Amino acid sequence: MTATPTIGVLALQGDTAEHLRVLDGLGVTAVPVLRAAELDGVDGLVIPGGESTTMSKLAARYELMEPLRKHIREGMPAYGTCAGMILLADRIIDGTADQQTIGGIDMTVRRNAFGRQTESFEGRVAIDGVDGPDVDAVFIRAPWVEDVGPGVHVLGQLTDGDRADRIVAVRQGGLLATSFHPELTGDARIHRLFVDMVKGKV
Ligand SMILES: NC(=O)CC[C@H](N)C(=O)O
């Protein structure tokens, strides 16, 4: 890898543009990814939020599912937000009958766990590996992590009220996932963490 990594953002559906903007601001080469061949040219991949069922259907249609699995198996770093977290989960609860994931993180993720659109909320979460004040986290029909295998590092949990202890950020090796959307808040610290992972610094 050159000093400036190239980070792809999966562009099937969801808020690809917001991630590209944040990554751009961090001085990496940020490119949308829509074809399997484009995966060969990236050092890491962001899987945005959106609709995980739609994204997995489109991934199948664009013949991306197997290439994505292969690259992740072979060590491509990836960061999934919200629907992207669902796509990186080895197991999901409350998916649709035919819903497939890319997988990679040994975790069970509960889809739409916090409720419907109207129950979307903002909270503050301390993230292991992110210095400074707690991260302002936006949850939109968000999943939470129900359980994790022994190789998964829990990076962040909610602390307030009836949502206390819910796991909302995890890392396993080069794979990072958050239930929330840091690309929407103007706080680039989690993207910076991912860039540092891609660079092999952390
Ligand atoms: N903001 C989001 O990415 C929502 C995820 C959505 N609930 C899903 O199941 O895919």
Side-chain angles (χ1 to χ4, degrees), residues 7-23 30 32-34 44-62 64-65 68-69 72 78-125 127 135-148 155-158 162-163 166-172 175-191 193-194:
I7 298 188
V9 182
L10 195 63
L12 292 167
Q13 190 264 345
D15 66 341
T16 307
E18 284 77 2
H19 282 286
L20 288 170
R21 202 169 308 131
V22 179
L23 291 166
V33 167
L34 200 51
L45 183 74
V46 172
I47 306 174
E51 231 308 310
S52 58
T53 55
T54 308
M55 255 189 255
S56 63
K57 277 187 201 138
L58 288 172
R61 189 176 311 156
Y62 280 80
L64 264 174
M65 211 51 155
L68 283 165
R69 288 185 178 133
I72 282 179
Y79 170 32
T81 59
C82 201
M85 169 187 256
I86 296 169
L87 281 164
L88 286 178
D90 281 350
R91 299 168 298 279
I92 54 176
I93 298 172
D94 287 345
T96 57
D98 56 348
Q99 185 168 357
Q100 292 213 13
T101 71
I102 301 162
I105 302 183
D106 181 10
M107 63 177 173
T108 307
V109 165
R110 183 178 290 275
R111 216 175 134 238
N112 298 329
F114 292 106
R116 305 158 66 87
Q117 184 78 22
T118 49
E119 276 126 353
S120 294
F121 65 100
E122 236 174 294
R124 303 203 72 89
V125 192
I127 302 292
V135 169
D136 184 15
V138 177
F139 295 85
I140 305 167
R141 282 177 295 112
W144 70 48
V145 179
E146 194 90 10
D147 62 57
V148 296
L155 299 184
Q157 285 169 277
L158 291 173
D162 53 1
R163 302 179 186 125
R166 293 300 179 192
I167 299 170
V168 293
V170 296
R171 174 176 176 181
Q172 180 174 16
L175 303 178
L176 177 69
T178 60
S179 302
F180 52 89
H181 291 268
E183 74 283 9
L184 299 179
T185 58
D187 181 346
R189 288 178 294 164
I190 297 191
H191 287 81
L193 169 66
F194 181 59

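On a predicted model such as this, the values are computed, not experimentally measured, just so you know. Counting starts at 1 for both ligands and their atoms, following the listed order.
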Legend entry - Heavy-atom donor-acceptor pair, R111 side chain to G95 backbone, under 3.5 Å: no
Inset, instruction - Could you label the plane-to-plane angle of the Y79 and F194 rings as parallel, tilted or perpendicular, counting under 30° as parallel and over 60° as perpendicular? - result: tilted
Legend entry - Residues D147, R91; criterion salt bridge (Lys or Arg N to Asp or Glu O under 4.0 Å); working and verdict: CA-CA 10 Å; D147 62 57; R91 299 168 298 279; 3.7 Å; yes
Inset, instruction - Indicate the ring-plane relationship of H191 and H19, choosing parallel, tilted or perpendicular according to the 30° and 60° boundaries. - result: tilted
Inset, instruction - With sequence neighbours excluded, tell me which residues meet side chain to side chain contact (heavy atoms under 4.5 Å, CB included) with S120. - result: Q117, I140
Legend entry - F180 side chain reached by T185 side chain, heavy atoms, under 4.5 Å: no
Kindly print each ligand 1 N/O atom paired with any protein N/O atom under 3.5 angstrom away, one pair per line, or none if nothing qualifies.
| from | atom 1 | to | atom 2 | distance (Å) |
| --- | --- | --- | --- | --- |
| ligand 1 | 1 (N) | I140 | O | 2.9 |
| ligand 1 | 1 (N) | H181 | NE2 | 2.9 |
| ligand 1 | 3 (O) | G50 | N | 2.9 |
| ligand 1 | 3 (O) | G50 | O | 3.1 |
| ligand 1 | 3 (O) | A83 | N | 3.0 |
| ligand 1 | 7 (N) | N112 | OD1 | 2.5 |
| ligand 1 | 7 (N) | R141 | O | 2.9 |
| ligand 1 | 9 (O) | S52 | OG | 3.2 |
| ligand 1 | 9 (O) | R111 | NE | 2.6 |
| ligand 1 | 9 (O) | R111 | NH2 | 3.4 |
| ligand 1 | 10 (O) | S52 | N | 2.4 |
| ligand 1 | 10 (O) | S52 | OG | 2.8 |

